[in-house]
Trainee: 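Structure below; questions to follow.
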Amino acid sequence: MIFQDVNWMRGYGTKMCPELRKRVLDCYRPARLTPCFLQKSIGKLTRRWKKVPIIVQLEKYAVHAMSTHSLAEEIGCKLKKNLQVIDAFASEVTTEQLEKLLRNKNVKKIWHDGEVHAVLDAASPTVGAPGLWDEGYTGKGIVIAVLDTGIYNHPDLQNRILDFKDLINDNTNPYDDNGHGTHVAGCAAASGSESNGKYKGPAPEAGLVGVKVLNKSGSGSLSTVIEGIGWCVQNKERLSIRIINLSLGSNAYQSHRDDPVCQAAVRAWEAGIVVCAAAGNSGPQPRTINSPAIEPGILTVGAINDRNPDEDGFIAEFSSRGPTIDGLVKPDVCAPGVQITALRSPGSTIDKQNKDARVDNWHTSLSGTSMATPVCAGVIAQLLQQDPFLSPDEIKNLLMETAKPLTGYGENDQGAGVVNAHQASQTP
């Protein structure tokens with residue numbers, strides 16, 4: 001006889017995401033195979049001790065009638081994070097509590113709170129940034145929020161880290177124990193002060209806000225990323241945030257309409273913030289675009305290899321390809337992402353594990369759509385300095401209309417082509 005403790009899940013398919021269903025079944029499989037005479041006692045222990053991390057979203061009508069705190073209190077689960085940006089909260093629950101949530105009429109959707117991972121000597125010239133430097137467009141006055149592993153207070157970023165929010169360890173001073181976030185920040189906005197201008201990002205005078213959502217290993221939870229996006233929306237006016245860089249992602253297993261991080265990214269976009277997301281590093285196979293890069297409304301960036309100065313470049317083999325899980329074209333544009341030399345965070349996880357990648361005391365070389373995305377974000381900062389009134393939709397359309405297509409590649413490989421900052425700046 002097989003223990004059937006989780007059969008109640010079958011009636012709540014629309015509320016529960018597929019991954020959560022799988023996680024719950026995997027978590028409770030030992031109990032389901034228990035001999036019948038032990039099922040009752042072991043079932044109780046399993047329900048008592050096993051917990052699953054989840055994100056719970058309220059129905060729109062319910063948000064006005066009750067708070068996430070009151071719903072969590074009613075169910076008897078602890079509210080770990082209040083995710084107001086998508087009318088949700090994060091918690092860890094037993095199957096009994098999960099069943100109560102699924103039966104609650106005020107609950108719209110429940111997701112498994114899964115993991116998210118972190119996914120410029122040649123880069124800036126390739127995207128045409130120097131042409132805008134000559135005209136005085138360096139990203140000055142534009143603020144880029146980097147949601148990542150943190151930002152090390154590097155000399156190339158001196159006096160330009162305007163704020164730092166640590167959602168992992170709750171520290172107040174800027175730091176980066178992994179190194180990925182510092183490199184990403186440098187891809188967008190390194191001043192070049194420690195390389196005589198050689199390793200200079202497209203927006204060398206842009207302001208930066210570090211939001212640490214990934215730990216020293218380069219991973220984090222969906223709920224923490226959502227919390228970070230929500231924090232940026234809440235602090236948009238105070239810090240003048242115009243761009244969010246998301247060089248992170250997770251496997252896409254459901255439509256963008258049902259994806260919680262996509263929903264948060266859309267809220268930021270609607271609030272007037274340009275959201276740049278890395279396509280992912282799972283290429284060259286098709287249908288490998290990460291979440292939240294599958295969201296059609298935001299800007300998704302793939303990577304090219306431009307290391308040969310005599311060629312226009314080619315799509316990096318690792319760069320994820322479309323179409324998305326919804327059958328939509330992605331990425332939107334591409335930018336350099338192979339062997340990008342940018343800022344080093346000494347003593348960080350990446351710095352220790354990739355000693356061969358060190359270029360000098362202040363710089364290291366990394367590859368990925370994680371690098372291409374902030375290169376694009378830096379270009380956007382230049383364009384917003386030129387015309388601060390451009391909306392996110394206008395920025396996206398401008399970049400796609402002026403991008404340079406690479407010969408021999410389809411739109412699900414490269415989107416509209418390689419970002420062309422100079423051409424975009426000249427377009428009325």
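Computed over heavy atoms, backbone and side chain alike; hydrogens, waters and symmetry mates excluded.
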Trainee: Heavy atoms only: give me the nearest A88-T68 pair and the separation to one decimal.
Mentor: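 Shortest heavy-atom contact: O-CG2, 3.8 Å.
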Trainee: Who are the side-chain contact (heavy atoms from CB on, under 4.5 Å) partners of E92, not counting sequence neighbours?
Mentor: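 Here the qualifying residues are K51, P53, K80.
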Trainee: Can you sort out the partners of Q423 under side-chain contact (heavy atoms from CB on, under 4.5 Å), two or more places apart, ordered by chain and number?
Mentor: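 Result, side-chain contact (heavy atoms from CB on, under 4.5 Å) vs Q423: T402, N420, T427.
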Trainee: If you measure only the distance, is there a donor-acceptor pair under 3.5 Å linking the side chains of S345 and D176?
Mentor: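 D176 and S345 do not have a side-chain donor-acceptor pair below 3.5 Å.
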Trainee: Could you pull out all donor-acceptor pairs under 3.5 Å where a side-chain atom in residues 292-299 meets a protein atom, sequence neighbours excluded?
Mentor:
residue: E295; atom: OE1; partner: H256; partner atom: ND1; Å: 3.3
residue: E295; atom: OE2; partner: G297; partner atom: N; Å: 2.9

Trainee: Would K236 and W231 count as a cation-pi pair here, with the cationic atom under 6.0 angstrom from the ring centre and within 45° of the axis?
Mentor: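 Judged by the rule (NZ or CZ under 6.0 Å from the ring centre, within 45° of its axis), K236 is not positioned above W231.
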Trainee: Kindly write out the residues that satisfy salt bridge (charged side-chain N to carboxylate O under 4.0 Å, His left out) with R242, not counting sequence neighbours, or none if the list is empty.
Mentor: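 By the salt bridge (charged side-chain N to carboxylate O under 4.0 Å, His left out) rule, R242 matches no residue at all.
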Trainee: Taking atom types as modelled, is there a side-chain donor on T373 or N245 under 3.5 Å from an acceptor on the other?
Mentor: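 Per modelled atom types, T373 and N245 side chains form no pair under 3.5 Å.
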Trainee: Under the side-chain contact (heavy atoms from CB on, under 4.5 Å) rule, collect the residues that match up with Q158, sequence neighbours excluded.
Mentor: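 Listed in chain order: nothing, the list is empty.
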Trainee: If you look only at pairs with a residue in residues 128-156, which of them pass as a salt bridge (Lys or Arg N to Asp or Glu O under 4.0 Å), with sequence neighbours excluded?
Mentor: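 Residue pairs with at least one partner in residues 128-156: there are none.
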Trainee: Can you list the residues that meet the ring-ring contact (aromatic ring centres under 6.0 Å, His included) rule with W362, with sequence neighbours excluded?
Mentor: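 Applying ring-ring contact (aromatic ring centres under 6.0 Å, His included) to W362 gives H154.
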Trainee: Please list all pairs meeting side-chain hydrogen bond (donor to acceptor under 3.5 Å, both in side chains) that have one or both residues in residues 258-271, counting only residues at least two apart or in different chains.
Mentor: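 Matches after skipping sequence neighbours: Q57-Q263, D259-S291, W269-D393.
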Trainee: With sequence neighbours excluded, what pairs up with Y175 under the ring-ring contact (aromatic ring centres under 6.0 Å, His included) test?
Mentor: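 Y175: ring-ring contact (aromatic ring centres under 6.0 Å, His included) contacts with F164.
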Trainee: Would T300 and K330 count as having a side-chain donor-acceptor pair, cut-off 3.5 Å?
Mentor: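 Yes.
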Trainee: How would you list all residue pairs meeting side-chain hydrogen bond (donor to acceptor under 3.5 Å, both in side chains) that involve residues 379-390, not counting sequence neighbours?
Mentor: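 Pairs touching residues 379-390 that pass the test: none.
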Trainee: Please identify each residue that fulfils salt bridge (charged side-chain N to carboxylate O under 4.0 Å, His left out) with R358, with sequence neighbours left out.
Mentor: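 Partners of R358 under the salt bridge (charged side-chain N to carboxylate O under 4.0 Å, His left out) test: D351.
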Trainee: Just jot down the side-chain contact (heavy atoms from CB on, under 4.5 Å) partners of A264, sequence neighbours excluded, or say none.
Mentor: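 A264 satisfies side-chain contact (heavy atoms from CB on, under 4.5 Å) with V85, I86, I226, I229 only.
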Trainee: For residues N178 and S348, is any side-chain donor paired with an opposing acceptor at under 3.5 Å?
Mentor: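 Absent: no donor and acceptor within the cut-off.
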Trainee: We want to know whether S223 and S221 form a side-chain donor-acceptor pair, criterion being a heavy-atom distance below 3.5 angstrom.
Mentor: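 Yes - a donor-acceptor pair under 3.5 Å links their side chains.
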